[in-house]
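Every value quoted in this text rests on a predicted model; they were computed, and no experiment measured them. Letters A, B, ... mirror the listed sequences (proteins, then strands); counts begin at 1.
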Amino acid sequence: MSVRVRFAPSPTGLLHIGALRTVVFNDFFAKGKGGSLLLRIEDTDRTRYNPDSEQEFVDTLKWAGIEFDEGPHLGGKDAPYRQSERKEAGIYAEKIADLIEKGAVYKAFDTSEELDEMREFQRINKMPTGYFGGDWRDASPEKVAEAKAAGRPYVIRLKIPRDVKITGEDAIRGKLEWDSNTIDDPVLLKADGMPTYHFAAMVDDHLMGITHVFRGEEWISSYPKHIVLFQAFGWAMPVFVHCPVIVGTDGKKLSKRHGATRVLDYASQGYLPQPLRNFIALIGWNPGDEREAMSDCDLAQAFEIRGIQPSPGRFDLDKLKWMNGLAIRAMSVDELFDTLREYLASEITSEYWNTLEKDDELKIDPAHFVPGMTLLKEALERDPDYVRTVLPLEQERVSTLADFGPACEFFFVEEVVFDQKSVEKAFGTDHVRGLFEFLLAVDSDGFTAADWDKAVHDWAAEQGIEKMGPVVMPIRVAMTGKLSGPGLFDLMAVLGPGRVRARVSRAMEHLR
RNA sequence: GCUCCGGUCGUCUAGCGGUUAGGAUGCCGCCCUUUCACGGCGGAGGUCGCGGGUUCGAAUCCCGUCCGGAGUACCA
């Protein structure tokens, strides 16, 4: 049987990083096994429904490079893929009828006040809380008929068998076991006629022929209910894979405190989808050897459920940065150019940076990034050839696309901003004035980096200067305003004679 | 409270009865170099949560214990 997996989010809000990891597992698994991946929208809760959410999912997944074979936006042989539409199609009603006929479920007419009271009583008496039959599991047919005739709203609950062991397999942890008396009777169909997750997800997984269910480990507690349901139907179970959660650096569930939790924020911060996929897959999974930075193809090929581990993993931004930098360095100039242009032109990017407030906890200050990014964006349109020569010089010293902003800033500004400390450090030596005069005088039209290298070295030799530091540093500060950056002669060649002269002239004003 | 799931360098992880407990990231140092970075090399960092047992031998098996997390909804 060929592999068939699904990502089944509930459209209540944003797509966060933990959910993406589940998708990534699904995706690599499907690809590696030649199976298919589908998107299913679990919109059975009308009160939490968020109309923008589905679009957020589709946009995010598209950015992240996840390709679905079937889904509400694509169609497919198991359409519809929204549970609200499946409900309208009568799919769940039909399956509930099956269970009623089998006597596996019952109608319960409790009001929410009655249920609250029941739980309160259970808590006070230190009993396990939950609906273990209540007044309705064993109610007489007459009592039920009467309640129904009175038009009282009801739910349909699953009868969990009593006094037995419920056992199940988890593909990561192995055999799991519960005392059935600790499992309460879950609602399958709500009073409004909508199915619950427990019901709709299992029915759909079966109907859609899902072979492997990847879901968060928070589902382990309700797994026995799902097992009983499958047994009630007499259906074969798919393989259940309860994936460990991703937590923040403090061990708590990932939240805003730990930086971005919305996947699109990573896009906005200049992370690339491939290293993100790669990095995130490595939280809780490993290929069985010591590879880390891998291609999607290798990732898919290496992906096995047995490589997933049961303990939760933390999200280490430093390691993501490293991996992202690796990917940036691996790009060709054209690739980098196109990626950067798309990134800077994206509305998502500008919206993110324009609304971001300086946040010391996140350690991201828009004032550090935005001016350079704006200059870069303009230059990309106005002077693409110049930008193409600039990019390779900074490519190996950034870790995100956003880093190109501050890194490239000095290439595009009219007037370099001099860092006072750097000026003091570099401009103090006696030979600096002479050096600058030489730079203004030399005929540097068409100079390559090698030409600059030779010219400056020759000048230094004439002056009897052996160490290049005191020669290079003043020029560097004149060109860039600071002491660090790309190779000086490379950068001078890129700037070109006009900019070099203008910057030297301005720097001379600082010599006193 | 009850039920369940976890626990190896700061972090991500390898390990499945015998290893000097391996790799990666981050940190530090050296090399390269005009600087920063990249790259290369090296270093520090782990009493394998803790306590018992089983065994010639335990991170690995068993029991207990502690800590962390999840669930305990007509949410998913």
Side-chain angles (χ1 to χ4, degrees), chain A residues 8-12 42-45 47-48 108 110-112 115-116 119 122-131 153-157 170 172-173 176-179 181-184 186-198 200-201 215-224 242 244-245 247 249 251-253 279 282-286 288-293 309-323 325-326 329 394-399 407 422 426 453 456-457 460 467-477 480 482-489:
Chain A
S10 182
T12 55
E42 310 219 322
D43 54 348
T44 54
D45 185 355
T47 59
R48 295 206 311 157
D110 311 85
T111 64
S112 51
L115 292 174
D116 288 344
R119 285 190 205 99
Q122 288 168 333
R123 257 191 293 275
I124 290 170
N125 292 286
K126 303 199 169 181
M127 295 155 70
T129 54
Y131 200 89
Y154 63 90
V155 299
I156 292 186
R157 289 182 185 268
D170 172 74
I172 299 171
R173 283 156 270 256
L176 264 23
E177 198 176 77
W178 298 263
D179 174 351
N181 294 339
T182 66
I183 312 297
D184 66 334
V187 171
L188 262 27
L189 210 68
K190 308 180 213 178
D192 66 0
M194 284 299 247
T196 60
Y197 170 88
H198 300 305
R215 51 166 20 175
E217 70 173 333
E218 68 269 20
W219 289 108
I220 293 180
S221 328
S222 38
Y223 187 27
H242 293 102
V245 295
V247 295
T249 33
K252 301 234 172 78
K253 218 171 170 183
F279 168 73
L282 255 21
I283 305 179
W285 172 83
N286 75 83
D289 50 44
E290 287 178 343
R291 285 179 294 172
E292 289 206 309
Q309 62 146 37
S311 53
R314 291 174 203 230
F315 191 90
D316 181 8
L317 197 62
D318 281 329
K319 194 154 183 177
L320 205 215
K321 279 194 175 145
W322 164 73
M323 206 169 258
L326 236 43
R329 265 165 257 133
E394 293 294 354
Q395 192 171 7
E396 61 194 29
R397 63 202 82 232
V398 300
S399 52
S422 304
D453 192 323
V456 172
H457 272 88
K467 289 229 184 247
M468 288 307 287
V471 177
V472 161
M473 280 307 155
I475 310 180
R476 173 180 296 287
V477 172
T480 71
K482 43 190 191 175
L483 289 166
S484 62
L488 178 66
F489 305 121

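- OP1 or OP2 of B/rA76 has at least one side-chain nitrogen or oxygen of A/Lys190 nearer than 4.0 Å.
- Here the side chains of A/Phe279 and A/Trp322 are not in contact, with every heavy-atom distance at 4.5 Å or above.
- If you check every strand for non-hydrogen atoms under 4.0 Å, A/Val155 touches a base.
- Residue A/Ser484 is in base contact, counting any heavy-atom pair closer than 4.0 Å across all strands shown.
- Between the P atom of B/rU35 and the CG atom of A/Leu483 lies a distance of 11 Å, rounded to the nearest Å.
- Distances shown here put a side-chain N or O of A/Arg157 below 4.0 Å from the OP1 or OP2 atom of B/rC74.
- Comparing B/rC75, B/rC74, B/rG1 against the side chain of A/Thr129 picks out B/rG1 as the nearest.
- When the C1' atom is used for both B/rU54 and B/rU60, the distance is 13 Å, rounded to whole Å.
- Figure legend. B/rG26 is base-paired to no nucleotide; pairs are counted as Watson-Crick or G-U wobble with both atom distances under 3.5 Å.
- Nearest heavy atom pair, residue A/Pro244 against residue A/Ile172, reads CD-CD1, 4.4 Å.
- At a threshold of 4.0 angstrom between heavy atoms, the contacts of A/Phe489 include nucleobase atoms, whether or not backbone atoms are also involved.
- Comparing B/rG49 with B/rC9, their C1' atoms sit 14 Å apart, to the nearest whole Å.
- Scanning all heavy atoms of the two residues, the minimum distance from A/Ala426 to A/Val477 falls at CB-CG2, 3.6 Å.
- If you check B/rG39 for Watson-Crick or wobble pairing at under 3.5 angstrom, you find it paired to B/rC31.
- As rounded to the nearest Å, B/rA44 and B/rU8 have P atoms that lie 23 Å from one another.
- The shortest distance between the side-chain N/O atoms of A/Arg215 and the OP1/OP2 oxygens of B/rA76 is not below 4.0 Å.
- The minimum heavy-atom distance between A/Val471 and A/Ile475, with the atom names listed, is O-CG1, 3.2 Å.
- Each of A/Leu488 and A/Ser221 has a nearest nucleotide on RNA chain B; the 5'-most of these lies closest to A/Leu488.
- Nucleotides B/rU20 and B/rU25 have their C1' atoms positioned 23 Å apart, rounded to a whole Å.
- To the nearest 0.5 Å, atoms CG (A/Leu483) and CE (A/Met473) are separated by 6.0 Å.
- Salt bridge status for A/Lys319 with A/Asp316: absent, with no side-chain N to carboxylate O gap under 4.0 Å.
- Between A/Arg119 and B/rA73, a side-chain N or O to OP1/OP2 separation shorter than 4.0 Å is present.
- Of the residues near RNA chain B, A/Thr196 and A/Gly130, the one whose nearest nucleotide (by heavy atom distance) lies more toward the 5' end is A/Gly130.
- Taking atom CE of A/Met468 as the reference point, atom P of B/rU33 lies 14 Å away to the nearest angstrom.
- Nucleotide B/rG71 holds its P atom 19 Å from the OH atom of A/Tyr223, rounded to whole Å.
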Inset, instruction - Assign a letter to each nucleotide of nucleotides 5-12 of chain B from its 5' end: B, base within under 4.0 Å of a protein heavy atom; S, sugar-phosphate only; -, no contact. - result: SSS--BBB
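- Nucleotides B/rC2 and B/rU13 are separated by 31 Å at their P atoms, to the nearest Å.
- Across all strands shown, B/rG69 is found opposite B/rC4 as a Watson-Crick or G-U wobble partner, with both distances under 3.5 Å.
- Here B/rU72 presents its C1' atom at 14 Å from CG of A/Leu115, a figure rounded to the nearest Å.
- Of all non-hydrogen atoms in A/Val398 and A/Arg329, the two that sit nearest each other are O-NH2, 4.0 Å.
- Within 4.0 Å (heavy atoms only), A/Pro486 reaches at least one base atom of the nucleic acid.
- Across B/rG22, B/rA37, B/rU25, the shortest atom-to-atom separation from the side chain of A/Trp322 is found for B/rU25.
- Residue A/Asp110 is classed as a base contact, given a heavy-atom separation below 4.0 Å to a base.
- Nucleotide B/rG23 holds its P atom 17 Å from the CE atom of A/Met323, rounded to whole Å.
- Comparing atom distances between the A/Met473 side chain and each of B/rU35, B/rA76, B/rA37 picks out B/rU35 as nearest.
- As a whole-Å value, the separation of A/Leu326 CG from B/rG26 C1' is 15 Å.
- Pair assignment for B/rC16: none, as no Watson-Crick or G-U wobble contacts are both less than 3.5 Å.
- When rounded to the nearest whole Å, the span between CD1 of A/Ile124 and P of B/rG1 equals 17 Å.
- Among the heavy atoms of the strands lying under 4.0 Å from A/Trp219 is at least one base atom, whether or not backbone atoms are also near.
- For the pair A/Glu396 CD and B/rC36 C1', the interatomic distance rounds to 10 Å; values are reported in whole Å.
- B/rA58 sits 13 Å from B/rG52 when the C1' atoms are compared, rounded to a whole Å.
- Using a 4.0 Å heavy-atom criterion, one finds that A/Arg123 contacts no nucleic acid atom at all.
- Using a 4.0 Å cut-off between a side-chain N of Lys or Arg and a carboxylate O of Asp or Glu, A/Asp318 and A/Lys321 do not qualify as a salt bridge.
- The pair A/Asp192-A/Lys190 does not count as a salt bridge, with every side-chain nitrogen at least 4.0 angstrom from each carboxylate oxygen.
- Contact of the A/Glu42 side chain with the A/Pro9 side chain is not registered, since no non-hydrogen atoms from C-beta on lie closer than 4.5 Å.
- Taking the P atom of each, B/rC48 and B/rG10 are spaced 12 Å apart, rounded to whole Å.
- Using a 4.0 Å cut-off, no side-chain N or O of A/Trp178 falls inside it from OP1 or OP2 of B/rC4.
- Remark: B/rG57 base-pairs with no nucleotide in the shown strands. Criterion, Watson-Crick or G-U wobble with two distances under 3.5 Å.
- Aromatic ring orientation, A/Phe489 versus A/His457: tilted (interplanar angle from 30° to 60°).
- Atom name P, nucleotides B/rC61 and B/rU11: the rounded distance is 22 Å, in whole Å.
- Contacts of A/Thr44 with the nucleic acid, taken as non-hydrogen atoms under 4.0 Å apart, involve only primed sugar atoms and P, OP1 or OP2.
- A close approach under 4.0 Å does occur between a side-chain nitrogen or oxygen of A/Asn286 and OP1 or OP2 of B/rA14.
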